[in-house]
Amino acid sequence: MSSRSLSGRRETPSEHDVTAVPWSPPARHEWQPAGVVWDAVQAPAHLGDRVLASLGDASGAVVRDYYRHRLYWFVPPGTAASWRPVPYVETYGRGTWIEIPPAGLRRGLGPHWVRDPAPGPGPGPVPLLTGVEALHEALTVAYATANGPRVKERR
């Protein structure tokens with residue numbers, strides 16, 4: 001849970017204490033701030049689908065937006081500030097907002113869950129957060145596979 005420091009500034013949980021802030025999907029589509037309970041990593045669908053296949057059950061919750069052709073992973077808060085760039089991949093941290101689909105919504109043209117953190121049928125809920133290093137590596141490999149190796153320009 002958020003707390004205030006001695007200086008009066010609001011503090012958020014550290015990467016290692018993300019369970020301190022309870023979170024669950026909303027009852028209806030809702031814009032929520034990144035950088036509090038989670039940051040988000042967004043990839044275009046042509047890369048994101050490869051990453052989903054690569055990570056398998058190691059992936060946490062994932063939102064797909066068919067309208068924008070994007071997938072979003074949730075990572076520990078503070079990740080966006082230290083993310084190493086991957087082409088076409090964007091991060092959302094403090095000061096940004098993400099449209100979160102309602103719990104259980106698994107189809108539609110707008111944002112919906114590909115991997116839903118809400119309890120439902122099956123072996124149990126998917127964890128909300130995805131491991132940062134595994135996600136970064138999977139995105140890097142997906143980009144290289146889709147676009148070939150990066151070639152340095154000769155002068």
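Just so it is clear, the model here is predicted, and its values are computed rather than measured. Throughout, residue positions are numbered sequentially from 1 according to the sequence presented. For the numbers below, each heavy atom of this structure counts, side chains included, while hydrogens, waters and symmetry mates do not.
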Inset, instruction - Answer yes or no: is there a donor N or O on one side and an acceptor on the other, between the side chain of His29 and the main chain of Pro111, under 3.5 Å? - result: yes
Inset, instruction - Would you mind reporting whether Ser24 and Pro117 have side-chain heavy atoms less than 4.5 Å apart? - result: no
Legend entry - Connected via hydrophobic side-chain network under 4.5 Å: Trp83 and Val141: no
Inset, instruction - Start with the C-alpha distance between Arg106 and Asp116, add both sets of side-chain angles, then the distance that settles side chain to side chain contact (heavy atoms under 4.5 Å, CB included), and finish with yes or no. - result: CA-CA 8 Å; Arg106 293 182 176 90; Asp116 192 343; 3.2 Å; yes
Legend entry - With sequence neighbours excluded, residues passing side chain to side chain contact (heavy atoms under 4.5 Å, CB included) with His46: Pro44, Ala146
Inset, instruction - Hydrophobic side-chain clustering at under 4.5 Å (ILVMFWY, transitive links): who's grouped with Trp97? Put none if nobody. - result: Trp31
Legend entry - Single-linkage hydrophobic cluster, 4.5 Å side-chain cutoff, Leu105 and Val114 together: no
Show me, pair by pair, the donor-acceptor contacts under 3.5 angstrom made by side chains of residues 69-77, not counting sequence neighbours?
unit_1	atom_1	unit_2	atom_2	d
His69	ND1	Tyr66	O	3.4
Trp73	NE1	Ser59	OG	3.0

Inset, instruction - Can you measure from CD (Glu99) to CG (Asp65) and round to the nearest 0.5 angstrom? - result: 7.0 Å
Inset, instruction - Could you pull out the closest heavy-atom pair between Pro25 and Pro101, with the gap in Å? - result: CB-O, 4.1 Å
Can you give me every donor-acceptor pair (side chain of residues 126-139, partner residue at least two apart or in another chain, under 3.5 Å) with its distance?
unit_1	atom_1	unit_2	atom_2	d
Thr130	OG1	Gly60	N	2.7
His136	ND1	Arg84	NH2	3.1
His136	NE2	Arg84	O	2.9

Inset, instruction - Walk me through it: do Ile98 and Glu30 pass the test side chain to side chain contact (heavy atoms under 4.5 Å, CB included)? - result: CA-CA 8 Å; Ile98 302 293; Glu30 181 177 284; over 6 Å; no
Inset, instruction - Begin with the C-alpha distance, continue with both residues' side-chain angles, and end with the deciding distance and a verdict on side chain to side chain contact (heavy atoms under 4.5 Å, CB included) for Asp49 and Arg64. - result: CA-CA 10 Å; Asp49 289 334; Arg64 178 184 297 274; 2.5 Å; yes
Legend entry - Atom pair CG (Leu109) and OH (Tyr67), whose distance is rounded to the nearest 0.5 Å: 10.0 Å
Could you go through residues 33-43 and list every donor-acceptor pair under 3.5 Å that involves a side-chain atom there, pairing it with any protein atom two or more places apart or in another chain?
unit_1	atom_1	unit_2	atom_2	d
Asp39	OD1	Gly35	N	3.1
Asp39	OD2	Gly78	N	2.9
Asp39	OD2	Thr79	N	3.0
Asp39	OD2	Ala80	N	2.8
Gln42	OE1	Tyr92	OH	3.3

Legend entry - Close side-chain approach of Gln32 to Trp23, heavy-atom, < 4.5 Å: yes
